[in-house]
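Here is the structure we will look at, set down as C-alpha cells.
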There are 2 protein chains.
Amino acid sequence: MSALFDPLLLDHQICRSLYSASSALTRAYRPLLAPLGLTYPQYLVMLALWERDQVTVGDLCTRTRLDPGSLTPLLKRMASKGLLLRARAKEDERKRVIALTRAGLELKARALTIPEQIACASGLSLEQGLQLRELTEQLYSHLDTA
Amino acid sequence: MSALFDPLLLDHQICRSLYSASSALTRAYRPLLAPLGLTYPQYLVMLALWERDQVTVGDLCTRTRLDPGSLTPLLKRMASKGLLLRARAKEDERKRVIALTRAGLELKARALTIPEQIACASGLSLEQGLQLRELTEQLYSHLDTA
DNA sequence: TTATTTTAATTTGTGTGCAATATATTTGTT
DNA sequence: AACAAATATATTGCACACAAATTAAAATAA
C-alpha cells in the first residue's frame, strides 16, 4: 500500500494533531493559571461560575463539558481552597448548589488578561482562531449527539 | 462590558472547544479500540511502531508526542499484554529498544478499518478534516517551539 | 400508600498528563 | 584516569478522564 494513502500513517492522523494541540494549549495555560492556584479544568469551572453561579453540578457539567465523575472531586478541591461553597439545594436534596465565595469572585479580576495572552501565544490569527473554533465545535457536537 | 466582547465568556473560548472536541474524539476511539485491548495513547504508540519499530523510548515520545513520564508505564502495560518487548540497547545501556512481538505486529490487520470509521463518525468532510489538521498542527508547533 | 423507576451526585478503579526528582550511563573536561 | 556535565529512562505525587457501580432523594406507577 502506498504510504501516501496508508490510513494508519501517524502523520495523517487528525487525532494526534488534535490531541497534541489540545495538550499543548492546556500546557500553555498552566503558567498563567498557576499564580491563581488554578488548573485548567478548574479555570473552566471558574469561567462558568463567573458567568452564573448558584448553579448545580449538572449545570456545570453541561457548560464546562467536564465529566460529573471528574467534577465532584475537582469542586471539593476548589471548595477547600475557599473559592466556592457546595451546599445542598433545599427544594431538592439530591442537588448541590455551587456558589462563589468572595475570594472566588475576586479572582476574576486577575484572570482578565489571560485570554489575550493565550491568543498571542497561540500564533493563530483571529480568523484562524474562529475557524478552529467552528471546526472543533462541529466535531464536538457531531460526536456528542451520536 | 458587553457580553459580545467579554474575553472570559465560555462560549468564546477556543480552549473549551478544542478540549471537548479532543476528549470526544478520544471517546469515539474507545469502543473501536477496546476489542483490540488498546487505549487511545496506546493506539498512538502502536501506529508509531507499525511504521517503524526497534526504536527508543525517546523516538516514540517524539513521534507520538506523548510524555516520557507517561510513556514508561504505558509501555510496561503493553509489554505485559505481550504486544512489545523492552530491551536494553547494547551500544548504549541507557536506552531501551522497543520492538513489536508477533502479536503486536498482527494486531495491525485488525486496526485497518479504524481510520475510516472515525472519519465517518467525525461528521467532517475531507476538506474540513484537512483544515482542522492544518490548524491544529500550526497551533501545536507554535506552542511547542515557544 | 407502597413499590418502581428515574434523577443527581458520588465513589471506585484503571489509565493517563506532567512537573519534579532520581538513577544510571555516556560524553566531555581537566 | 578522575571528575563534571549531559543524556535516556524511570519514579513520585497530584490532578484528571471516564466507565461502572453506588447512594440518596424525587417522581411516577401500581
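First the proteins, then the strands, lettered A, B, ... as listed; each starts at 1. The figures here come from the full heavy-atom set of this structure, side chains too, leaving out hydrogens, waters and symmetry mates.
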Nearest-nucleotide comparison on DNA chain D, the residue closer to the 5′ end among A:Lys81 and B:Ala24: A:Lys81
In short, B:Leu132 meets B:Thr136 closest at the heavy-atom pair O-OG1, 2.7 Å
Could you tell me how far apart A:Glu91 (CD) and C:dT7 (C1') are, to the nearest whole angstrom? 14 Å
Quick check: any donor-acceptor pair below 3.5 Å linking the side-chain of A:Arg94 to the base of C:dT7? yes
Expressed in angstrom and rounded to an integer, what is the separation of A:Tyr40 atom OH from D:dC16 atom C1'? 13 Å
Select from A:Gly58 and A:Arg27 the residue whose nearest nucleotide in DNA chain C is closer to the 5' end of that strand. A:Gly58
Length of the CG-P vector between A:Leu44 and D:dA15, whole Å: 17 Å
Among C:dT25, D:dC16, C:dA19, find the nucleotide with the atom closest to the side chain of B:Glu93. C:dT25
Taking A:Trp50 for the side chain and A:Val45 for the main chain, is one N or O donor matched with an acceptor at less than 3.5 Å? no
Measure from the side-chain heavy atoms of A:Thr39 and tell me the nearest of D:dC16, C:dG15, D:dA8. D:dC16
Once you round it to whole Å, what is the distance between C1' of D:dA24 and CG of A:Asp92? 10 Å
Treat each ILVMFWY residue as a node, draw an edge where side-chain heavy atoms are under 4.5 Å apart, and state whether B:Leu85 and B:Leu107 are in one component. no
Under 4.0 Å, heavy atoms only, any strand: does A:Asp67 hit a base, just the sugar-phosphate, or nothing? base
Rounded to the nearest Å, what distance is computed from the CG atom of residue A:Leu143 to the P atom of nucleotide D:dC18? 12 Å
Within a radius of less than 6.0 Å around CD of A:Gln117, do more than 12 heavy atoms belonging to other residues, nucleotides or ligands occur? yes
What's the NZ-P distance between A:Lys95 and D:dA26, to the nearest Å? 10 Å
Any sub-3.5 Å donor-acceptor pair from A:Thr26's side-chain atoms to A:Ser22's backbone N or O? yes
Could you work out which one of D:dC16, D:dA26, D:dT7 sits closest to the side chain of A:Leu74? D:dC16
Specify the closest pair of heavy atoms between A:Arg94 and A:Arg88, including all atoms of both residues, with the distance to one decimal. O-NH1, 3.5 Å
Any donor and acceptor pair, going by atom type alone, linking the side chain of A:His142 with main-chain N or O of B:Leu124 inside 3.5 Å? no
Which part of the nucleic acid does B:Thr56 contact within heavy-atom distance under 4.0 Å: base, sugar-phosphate only, or nothing? sugar-phosphate
To the nearest angstrom, the CG-C1' distance between A:Leu33 and D:dA15 comes to 14 Å
Is there any protein nitrogen or oxygen under 3.5 Å from a nitrogen or oxygen in nucleotides 10-14 of chain D, and what are the pairs?
from: D:dA10; atom 1: OP1; to: B:Arg86; atom 2: NH2; distance (Å): 2.9
from: D:dA10; atom 1: OP1; to: B:Arg96; atom 2: NE; distance (Å): 2.1
from: D:dA10; atom 1: OP1; to: B:Arg96; atom 2: NH2; distance (Å): 3.2
from: D:dA10; atom 1: OP2; to: B:Thr72; atom 2: OG1; distance (Å): 2.9
from: D:dT11; atom 1: OP2; to: B:Lys76; atom 2: NZ; distance (Å): 2.6

